[in-house]
Amino acid sequence: MSLIAGSYERFIWGFKLKPLTHDPPSQSLSLTQIFSYPSHIAPITTVAAAGPAAASGSSDDTIHIYDLSSAASLGPLHHFSSSITSLSFYCPPNLSFPRNLLSAAADGTISIFDTEPFVLLKSFRSHKKCINDLAVHPSGKLALSVSRDGCLAMSNLMRGKRSFCCRLGKEATIVKFDGSGERFFMASEEKIGVHLAEDARLLFELDNQKRVLCAAPGEGGILFTGGESRSITAWDTNSGKVAYCIEDAHSTRLKGIVVLTKDGGSDDEPYLVASASSDGFIRVWDVRMAVKEKPNPLAQANTKSRLTCLAGSSLKSSKRPRIGKSTPKEKDVAEEV
């Protein structure tokens, strides 16, 4: 399992999560740093990871690609004229290597990249203002985005264009699909809306009391959120109630949450969730213990940086990511995606 984090100080951090073999009964883990360097010339705003591939976006208008298996930087992608605000890999269920990388930018555009190698397939305008977040449906055929223009947009990734847009009551900053793609979640300040994906109908609203800055869907209808409360809250999105909470998980606001346990893990395996905070710490938790009492982190690392984002990958692949030397002419994305 790998984690990648970005910071205000322009540094990218890569870690491997490994068991402490000398003490197997305790299920203790260690976060081993595999790289750290200033990969951008401005603060890193977003990161994404899938299999051995990872990517970071910044307000310097570039995306950098990394090979986690060799802890190497593969270089930047220069196709943008504004800050990168969100990144998301699409990895089909039967593959261990991502098929596409999607990026959202401050000028309202969404870009679709092939990953073998990394070349631009299509770029199109989805919003009038900065896109806050982007979520790809598990099918890989559509994506949802929320923006400072106060709108929710749905984009057809097969054709590379926006297919639907509606104005929200207030600006949303986070949008996520659940694992099945049947529901999606939107966060606005301290509220999280649970919606049906079929018609965007609001099922109910969750009140986090304080502003939500990050979220990650888990198994069994659980949604993990974090933010100004400094806690990791696990919501049961079937009932709309709090399932459990790790209070004071960090000393300052949370900026990233990642669910690391792969679907189909055994009951004896710890259910791993990682969190990153502005305090510079990355921590890994077995959240099963939070049901009974406040758990201690299984592993942690202090980057001594103001972390802004976190991503992780539990998939293994023998493929190595690479960047293409040329960009194909734009055409029907359905031929490529």
Side-chain angles (χ1 to χ4, degrees), residues 1-7 11-37 39 44 47-56 64-74 87 89 91 95-98 214 216-219 224 226 232 234 246 249-251 254-277 279-290 294-305 307-321:
M1 297 179 183
S2 302
L3 289 169
I4 183 172
S7 71
F11 270 72
I12 191 76
W13 299 83
F15 293 90
K16 283 285 188 182
L17 186 62
K18 299 179 179 179
L20 294 176
T21 55
H22 64 273
D23 190 18
S26 68
Q27 291 186 320
S28 295
L29 302 170
S30 66
L31 278 173
T32 304
Q33 182 178 313
I34 56 177
F35 57 79
S36 172
Y37 54 89
S39 60
I44 296 174
V47 288
S56 62
H64 281 249
I65 305 299
Y66 311 91
D67 180 3
L68 295 176
S69 60
S70 62
S73 172
L74 303 182
L87 293 171
F89 280 106
C91 188
L95 297 180
S96 58
F97 191 87
C214 52
E219 297 177 358
F224 295 96
I232 300 173
I246 303 176
H250 290 268
S251 61
L254 271 71
K255 300 303 291 285
I257 295 178
V258 173
V259 178
L260 288 172
T261 304
K262 181 133 175 71
D263 292 346
S266 69
D267 293 337
D268 295 331
E269 293 179 351
Y271 195 106
L272 301 181
V273 171
S275 59
S277 167
D279 62 10
F281 278 92
I282 298 172
R283 290 177 173 147
V284 180
W285 312 84
D286 182 354
V287 294
R288 297 177 306 172
M289 305 304 295
K294 180 182 177 180
N296 293 318
L298 297 181
Q300 68 176 11
N302 186 3
T303 65
K304 298 182 180 180
S305 296
L307 298 179
T308 58
C309 45
L310 181 71
S313 171
S314 56
L315 298 175
K316 295 182 180 180
S317 174
S318 59
K319 288 187 178 181
R320 300 281 294 274

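Note that these values count all heavy atoms, side chains included, but never hydrogens, waters or copies made by symmetry.
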Within the side chain of S277, is there an N or O that forms a donor-acceptor pair under 3.5 Å with the backbone of D279? yes
Test side-chain contact (heavy atoms from CB on, under 4.5 Å) applied to I282 and L31, L17, N302, I4, the passing residue: L31
Quick one: does S36's side chain have a donor or acceptor within less than 3.5 Å of a partner on W13's backbone? no
Return yes if some donor-acceptor pair links the side-chain N/O of Y66 with the main-chain N/O of G14 below 3.5 Å, else return no. no
Could you state the interatomic distance from OG1 (T308) to NZ (K255), rounded to the nearest 0.5 Å? 6.0 Å
Kindly assign one of parallel, tilted or perpendicular to the pair Y37 and F35, based on the angle between their ring planes and the thresholds 30° and 60°. tilted
Taking C-beta and beyond as the side chain, do L260 and L3 meet within less than 4.5 Å on heavy atoms? yes
Residues G226 and I257: closest non-hydrogen pair is N-CD1, 3.5 Å
Side chains of V284 and P297: closer than 4.5 Å at any heavy-atom pair? no
Side chains of S73 and S39 in contact at under 4.5 Å (non-hydrogen atoms): no
Which heavy atom of F15 sits nearest a heavy atom of T303, and at what distance? CZ-CG2, 4.0 Å
Report the distance from atom CD of Q300 to atom NE2 of H250, rounding to the nearest 0.5 Å. 8.5 Å
If only atom types and distance count, is the side chain of S2 paired as donor or acceptor with the main-chain N or O of S313 below 3.5 Å? no
Taking all heavy atoms of W285 and all of S275, pick out the closest pair and write down the distance. NE1-OG, 3.0 Å
Should we say atom NZ of K304 is surrounded by more than 12 heavy atoms from elsewhere, each under 6.0 Å from it? no
Find out whether I246 and F224 are in side-chain contact, i.e. whether some heavy atom of one side chain is under 4.5 Å from a heavy atom of the other. no
Kindly say whether L272 contributes a backbone atom to a donor-acceptor pair with the side chain of D286 at under 3.5 angstrom? no
Closest non-hydrogen atoms of S96 and C91, given as atom of the first, atom of the second and distance, are C-SG, 4.2 Å
Least distance between heavy atoms, S56 atom then I44 atom: CB-CG2, 4.2 Å
Please name the pair of heavy atoms, one in P98 and one in A53, separated by the smallest distance, quoted to 0.1 Å. CG-CB, 4.0 Å
Verify side chain to side chain contact (heavy atoms under 4.5 Å, CB included) between I12 and V47, making sure each step is shown before the conclusion. CA-CA 9 Å; I12 191 76; V47 288; 3.8 Å; yes
Rounded to the nearest 0.5 Å, what's the gap from NZ on K16 to CG on L68? Could you check? 6.0 Å
